[in-house]
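These notes concern the structure reproduced below.
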Amino acid sequence: MSTIDDLTARIRYVLVRTSHPGNIGSAARAIRTMGFERLELVTPARFPDREASALAAGADNVLANAGVHNDLIGSLAGSSLALGLSARRRGVNLPEISPREAAQQALAAAARGEQVALVFGNERTGLENEELARCHAMVRIPSVDDFSSLNLSQAVQVMAYELRVAMLGDAPAPTPPVHGEPPADAARMEQFYVHLAQTLDEIEFHKGREPTTIMLRLRKLFQRAQPDERELRVLHGILADAQRMAGLAKSK
Ligand code: SAH
């Protein structure tokens with residue numbers, strides 16, 4: 001069985017012909033937050049660079065250990081699966097997959113002990129067809145057609161996030177109730193709605209209108225809030241006081 005550390009060590013992020021060193025720094029930070037360390041740079045315009053270090057915001061080891069290569073092939077050494085990220089559908093004959101599918105494929109390969117590369121293109125021109133041809137599949141983040149291109153480091157973040165989620169497993173961690181107590185059960189809620197309806201009657205809230213619609217709206221509101229027993233007691237208290245005041249007003 002591979003541990004998360006084994007898996008992350010087998011996954012590298014390759015940035016091809018990056019123009020802006022700031023994007024290299026931001027990408028280093030993006031992968032580091034998701035537990036990854038391996039960054040490979042293919043002919044970056046400027047690296048190392050102060051801007052890269054500034055935007056790495058402490059992910060210094062990722063930058064310090066980044067490999068710098070003369071060509072894409074060099075950066076892919078040892079890897080058996082390369083997935084190329086591209087905003088545009090290209091004229092290349094590659095299967096197009098989503099970041100989520102890419103994460104599943106990458107993890108499956110890493111779990112078999114293989115090394116995987118996620119390949120990102122230049123800010124302006126993206127990945128050339130020739131570069132995509134070195135990849136096994138094209139990954140497209142499903143952005144809108146008329147503004148499809150994400151900032152490079154944000155595309156890296158999306159992919160790293162999907163990989164992280166896939167590694168942590170699909171089962172969501174059980175979430176404890178926000179306020180400690182579980183929400184009141186259906187029977188208690190019904191009691192409350194009866195009390196609420198009575199009170200609205202007694203304070204003459206409806207003024208001759210049919211109460212059905214407003215009661216349904218109020219139900220929806222309280223269903224969303226999911227009050228617990230203690231909160232229901234407060235609400236019952238408020239209603240009881242309103243009923244008492246309405247009684248006093250009537251007796252005058
Ligand atoms: N005009 C370029 C955009 C480059 S953005 C193009 O059409 O490809 C820089 C890099 O970020 C891209 O090469 C790609 O690797 C990644 N990227 C940006 N938006 C993306 C998207 N919607 N899906 C997948 N990758 C994307």
Side-chain angles (χ1 to χ4, degrees), residues 2-69 72 74-87 97-111 114-123 126-127 131 135-141 143 149-169:
S2 307
T3 65
I4 280 204
D5 286 348
D6 297 333
L7 296 174
T8 52
R10 290 177 195 142
I11 295 175
R12 73 189 73 169
Y13 292 76
V14 178
L15 306 186
V16 183
R17 294 177 288 103
T18 310
S19 303
H20 302 294
N23 278 335
I24 297 176
S26 297
R29 179 182 188 173
I31 68 170
R32 182 68 179 81
T33 56
M34 299 294 122
F36 298 94
E37 306 263 46
R38 269 196 82 177
L39 191 62
E40 306 292 335
L41 308 171
V42 180
T43 59
R46 281 160 41 205
F47 187 80
D49 189 274
R50 270 181 42 207
E51 233 178 298
S53 306
L55 283 161
D60 300 324
N61 277 340
V62 175
L63 288 186
N65 297 324
V68 179
H69 308 270
L72 179 58
S75 73
L76 299 179
S79 75
S80 55
L81 177 66
L83 302 172
L85 277 92
S86 179
I97 57 177
S98 70
R100 203 154 290 175
E101 289 169 308
Q104 296 296 347
Q105 291 189 14
L107 279 197
E114 297 172 23
Q115 296 203 28
V116 179
L118 297 154
V119 186
F120 298 81
N122 167 268
E123 291 91 332
L127 288 171
E131 290 160 346
C135 299
H136 299 87
M138 196 197 101
V139 186
R140 212 175 66 84
I141 298 166
S143 47
S149 180
L150 279 74
N151 164 269
L152 168 60
S153 67
Q154 291 173 356
V156 171
Q157 185 76 75
V158 169
M159 198 55 242
Y161 169 76
E162 284 294 346
L163 280 158
R164 173 94 177 139
V165 170
M167 272 181 198
L168 294 175

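Atom CD of Gln105 and atom CG of Leu81 lie 6.5 Å apart (nearest 0.5 Å). Atom CG in Leu118 sits 12.0 Å away from atom CD in Glu40 (nearest 0.5 Å). In this structure, CG in Leu41 is found 7.5 Å from NE2 in His69, a value given to the nearest 0.5 Å. Distance CE/Met167 to CE/Met34: 11.5 Å, rounded to 0.5 Å. Distance check, rounded to the nearest 0.5 Å: OG of Ser98 to CZ of Arg140 gives 10.5 Å.
Between Val139 and Ala102, the shortest heavy-atom contact is CG2-CB, 3.7 Å. In terms of heavy-atom proximity, Val68 sits nearest to Pro44 at CG1-CD, 3.9 Å. Listed here is the closest heavy atom pair of Gly121 and Leu152: O-CD1, 3.8 Å. Listed here is the closest heavy atom pair of Ala160 and Ile31: CB-CA, 4.4 Å. Closest of all the heavy-atom pairs between Ala30 and Ser153 is CB-O, 4.1 Å. Here the closest heavy-atom approach between residue Ala117 and residue Leu76 is recorded as CB-CD2, 3.5 Å.
Among residue pairs with one or both ends in residues 4-13, none qualify as salt bridge (charged side-chain N to carboxylate O under 4.0 Å, His left out); sequence neighbours excluded.
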Q | Ile11 and Leu107: CA distance, side-chain angles, deciding distance, side chain to side chain contact (heavy atoms under 4.5 Å, CB included) verdict | A | CA-CA 9 Å; Ile11 295 175; Leu107 279 197; 4.2 Å; yes
**Q.** Residue pair Val158, Gln154: steps toward the side chain to side chain contact (heavy atoms under 4.5 Å, CB included) verdict
**A.** CA-CA 6 Å; Val158 169; Gln154 291 173 356; 5.7 Å; no
(Q) side chain to side chain contact (heavy atoms under 4.5 Å, CB included) for Arg29 and Gln157? Distances and angles first, verdict last. (A) CA-CA 9 Å; Arg29 179 182 188 173; Gln157 185 76 75; over 6 Å; no
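Between the side chains of Asn23 and Glu123, at least one donor N or O sits under 3.5 Å from an acceptor N or O.
More than 12 heavy atoms of other shown residues, nucleotides or ligands fall within 6.0 angstrom of atom CZ in Phe47. Within a 6.0 Å radius of CZ in Arg17, other residues, nucleotides and ligands contribute more than 12 heavy atoms.
Within the 3.5 Å criterion, the main-chain N or O of Leu83 finds no donor-acceptor partner in the side chain of His136.
Taking the six-membered ring where the residue is Trp, Tyr13 and Phe120 present parallel rings, their angle staying beneath 30° rather than reaching 60°.
Considering only heavy atoms from C-beta on, Leu63 stays 4.5 Å or farther from Pro48 through its side chain. No side-chain heavy atom of Glu131 sits under 4.5 Å from any side-chain heavy atom of Val119. Put simply, the side chain of Ile24 does not reach to within 4.5 Å of the side chain of Asp49, judged on heavy atoms. In this structure, the side chains of Arg164 and Leu168 come closer than 4.5 Å at one or more pairs of heavy atoms.
When Val14, Ile141, Leu127 are each tested for a side-chain contact (heavy atoms from CB on, under 4.5 Å) with Leu85, only one passes: Ile141.
For the side chain to side chain donor-acceptor pair (under 3.5 Å) test, residues two or more places apart in sequence or in another chain that qualify with Glu162 are Arg100.
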Tabulate below the donor-acceptor pairs under 3.5 Å that side-chain atoms of residues 54-62 make, not counting sequence neighbours, or state none.
none

